[in-house]
Amino acid sequence: QLPCTVRDLSEAAGIPAMQIQRILMQEGVMAKINDTMDEELTEFIAAELGVDVDFVQPVTLEDQLLTSIREAEDPEDQLEPRPPVITFLGHVDHGKTSLLDRLIGINVVSGESGGITQHIRAYQIEKDGAGISFVDTPGHEAFTEMRARGANVTDIAVLVVAADDGVMPQTEEAISHAKAAEVPIVVALNKIDIPGIDPNKAMADLSANGLQPSEWGGDIEVVKCSAITGEGMDDLLETLLTVADLHEYKANPHRSALGTSLEAQQESGHGVVAKVIVENGTLRVGDNVVCGDSYGKVRAMFDTLRPELAIQEAGPSTPVNLLGLDVAPAAGEHFYVLDDIAQARELAETRREQTRKETLGSTGPVHVTLENLFD
Ligand code: GDP
Ligand code: MG
């Protein structure tokens, strides 16, 4: 198993560590028992010792447990409609946060420092008895970071384009992110309240970027709107619901939950507060959760829109602020509910150990390779 420490090789080969260290010393390296060696060097030492080495991919608890959870098929009769998850993307200052505020009827923009969204916001609202979840990100970094971890929490991307500015560099990036995520795109052509605006210019930009507006015969819905006057907001919501209806998003609320952490931090008096979104199953207070290299029993959950509102369970597509994890997980880390808290702890600790080993080279024991051996 790699990276292999002097002790690992000694134990696997049944050869005293001293003997391995002696060979390394002959080559000019003083290696301690916990120093790691790469594959080439391990093979070199093994050859010197006259033993054969085989490197094994360890079958981890992660492989066994999480793969089975991830790949568990939901029986058709347990599937139920779930709210769509809608993410706002676009160039800075084009109005993502303002539009979301307007849609959910709150005002966050005016409270933001410097007008730049600092946190990922995720809310669920109800419209005609059905839920809709919205995610507003500080920038694409968050979206990219999450996607890099394989997190695909978005069902529909709202590409926000300011009519006075048109398609800008971050708009283009947002388009490629949405395309890579293979989610439908709805364009919110915002700021049409600005006097003298010609929306056709931005529409031409869009079509030059492969997003042909439906009113020009393409398949992209472009909703002209203004977060300031509220014009077009109903239209935007209707369009989003229509796209969502077409896709009939479903999940199984009858299984234990899995989902994604959007962001997390240590908050005084609360411990770690993690904003997570449930993708499948139902998350309950008391559940044992592992999320990246953090774990814990869900102590409490709070509504993201009304932070004082405690909730006992959260179904598919629901964002919640979760209390009970021991350390803050990274954005985009998947979480899983396990039967046993000991398993959750073991998984989290194994991952911490892996991370520690990976960063050891620079900080702890030396990572010796054939190259630095002969330097
Ligand atoms: P974000 O960076 O994309 O989240 O953009 P914000 O929502 O923070 O908006 C940036 C600025 O544009 C703020 O000063 C808003 O008041 C302004 N703004 C947002 N929407 C509109 C709109 O529809 N019309 C006008 N005139 N200004 C808007
Ligand atoms: Mg914003």
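Counting convention: from 1, in listed order, for ligands and their atoms alike. These values consider heavy atoms only, across backbone and side chains, with no hydrogens, waters or symmetry-generated copies.
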*Got an N, O or S from Ser98 under 2.8 Å of the Mg ion (ligand 2)?*
no

_Element-labelled atoms of ligand 1 that are located less than 4.0 Å from some non-hydrogen atom of His91_ = 3 (O)

*Between Arg255 and Ala72, what is the shortest heavy-atom contact and its length?*
NH1-O, 3.5 Å

*Would you call Arg306 and Asp303 a salt bridge, taking side-chain N to carboxylate O under 4.0 Å as the test?*
yes

*Nearest to atom 5 (O) of ligand 1 by heavy atom, Gly95, Ser98, Ala163: which?*
Gly95

_For atom 16 (O) of ligand 1, tell me which residue out of Thr229, Ile228, Leu99 has the closest non-hydrogen atom._
Ile228

*Compare every heavy atom of Arg352 with every heavy atom of Val327, then report the nearest pair and how far apart it is.*
CG2-NH2, 3.8 Å

_Under the salt bridge (charged side-chain N to carboxylate O under 4.0 Å, His left out) definition, can you give me all pairs with a residue in residues 223-246, not counting sequence neighbours?_
Glu215-Lys224

*Under the salt bridge (Lys or Arg N to Asp or Glu O under 4.0 Å) test, which residues partner Arg22, sequence neighbours left out?*
none

*Contact (N/O only, under 3.5 Å) between Ala227 and ligand 1*: yes

*So which bit of His94 gets within less than 4.0 Å of ligand 1, heavy atoms only: side chain, backbone, both or neither?*
backbone

*Is there a donor-acceptor contact under 3.5 Å from the side chain of Asp155 to the main chain of Ala244?*
no

_Tell me the contacting part of Asp93 for ligand 1: side chain, backbone, both, or neither, using a 4.0 Å heavy-atom threshold, strictly below._
both

